[in-house]
Amino acid sequence: MIVPIELIPPQPVKYDITIDKLPKLTFNTKVVVVTNPTVAGFHLETLLSHIQSPELHVVTIPDGEQYKTLQTVESILNECFEHKLDRKSLLIAFGGGVIGDMTGFTASLYQRGIDFIQIPTTLLSQVDASVGGKTGVNNKYGKNLIGAFYQPKAVYINPEFLKTLPKREFAAGFAEIVKMAVMFDREYFDFLKNADLADEAQLKETIRRSVELKAWVVNQDEKEAGIRAVLNYGHTFGHVVENETDYTTYLHGEAVAIGMVMANALAVELGLMSEEEADEVKALLKTQELPTTYCIDDVDAFYEHFFLDKKSANNSIKFILPKKIGSHKIVQDIDEAVVKKVLRRFGE
Ligand code: NAD
Ligand code: MG
């Protein structure tokens, strides 16, 4: 299955996204695969048996978000120099979003930019991170604050890799899928309500639709000047939840699930969505055992946290809210008292 992606002029970019078993990949250049011990342990042998190249190297970096740093990127760059990669060489990101973001960023830097390919192995990276060209690392000032928009040459999504993914990680990816459905596609939402994700064909269809929606959004707005911001639904609240819990209690997708429930409560308050629709979203999140509750101890502190978010420009918070299920509305300058009234309901 191929979803073509074509970005807007003046610099049209086009790459293929394949959602299927991994094909044989033949290159006439040096190739460096970037992965981590976890992914390599399960799947490296399979990957390597599918790649043909005159010179193939594997760089293994430690597993974990805490290693998504400039230091790690420099260590990958050093390996590229050790192996004397040239400007025609290729990097392959083989892992979840952490590997994908760092490999893409490294590719954008090495000799001012070499090609890279994404082979995502988590549900989150298959439906979200591998498509769209956001690459980068974290630093002490925050997450993903250093980086580049740098598109891959191709994305190969093989749902079979997900068989070894821990259930919690799978659910975290599902949260981003629900996000796409609520923002853009009621029909997809209904499909998800009845989908059996243990079924190969239905999982593939689920991934396909999410990728298609993400590609459609990125096509219109590669650099997040407009509609791409809609992908931050659930994230404004979710980031505060992640931050308050020191990034240790919840996986990102879990915090986004909680964030969507909060955003929905605000949408209900503003008359954008019915109580029943908000419950429908909650029920869908629960099918994958995602968290849907969170106790806000200090509503004022929670509210202040919004302003630390890099996406809240000029001290005004942009809330991405559902307009029913399947459509969205960006609302700026909601009365502080209204937001706090909704937040207070999460304090009980
Ligand atoms: P991750 O890359 O940390 O992977 C989660 C865990 O699953 C890791 O321990 C990993 O080793 C393991 N794993 C990966 N594939 C596996 C498999 N097939 N079987 C068993 N274990 C496997 O996390 P993630 O959720 O994939 O990605 C999160 C990262 O992605 C964050 O850094 C986030 O900022 C980034 N992200 C980027 C974008 C983007 O547009 N670039 C979008 C969303 C998220
Ligand atoms: Mg996200």
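Whatever order the structure lists ligands and atoms in, that order sets their numbers, starting from 1.
Here the heavy atom of the protein found nearest to atom 1 (P) of ligand 1 is V98 CG2, 3.9 Å. Remark: minimum distance from atom 30 (O) of ligand 1 to any protein heavy atom is reached at G97 CA, 3.2 Å. The single protein non-hydrogen atom nearest to atom 44 (C) of ligand 1 is L124 CD2, 3.6 Å, given as residue, atom name and distance. Annotation: atom 22 (C) of ligand 1 to nearest protein heavy atom, L165 CD1, 3.7 Å. When hydrogens are left out, the protein atom nearest atom 33 (C) of ligand 1 is K68 NZ, 3.7 Å; that is the closest non-hydrogen contact. Atom 19 (N) of ligand 1 has as its closest protein heavy atom T164 OG1, 2.6 Å. Looking only at heavy atoms of the protein, atom 26 (O) of ligand 1 is closest to T122 OG1, 2.6 Å. Among all non-hydrogen protein atoms, the one lying nearest atom 11 (O) of ligand 1 is D63 OD2, 2.8 Å.
With 3.5 Å as the limit, one finds no donor-acceptor pair spanning the side chains of T121 and H43.
Contacts with ligand 1 closer than 4.0 Å are made by heavy atoms of both the backbone and the side chain of K134. Contact annotation: for K214 versus ligand 1, heavy atoms closer than 4.0 Å belong to the side chain alone. By the criterion of a heavy-atom distance under 4.0 Å, neither the backbone nor the side chain of E176 is placed next to ligand 1.
For Y233, the side-chain hydrogen bond (donor to acceptor under 3.5 Å, both in side chains) partners at least two apart in sequence or on another chain are N264.
Salt-bridge check for K214 with E176: failed, with every basic side-chain N at 4.0 Å or more from each acidic carboxylate O. Looking at K341 and E269, a side-chain N of the basic residue comes within less than 4.0 Å of a carboxylate O on the acidic one, giving a salt bridge. A salt bridge links D185 with R209; the closest basic N to acidic carboxylate O contact falls under 4.0 Å. Between E212 and R208 there is a salt bridge, since a side-chain N of the basic residue sits under 4.0 Å from a carboxylate O of the acidic one.
Protein N/O/S atoms closer than 2.8 Å to the Mg ion (ligand 2), listed by chain and residue number, are E176 OE2, H235 NE2, H252 NE2.
With ring centers used as reference points, H305 lies 6.0 Å or more from H239. A centroid separation of less than 6.0 Å is found between the aromatic rings of F94 and F161.
Ring orientation note: the planes of F306 and F302 are nearly perpendicular, at an angle over 60° on the 30°/60° scale.
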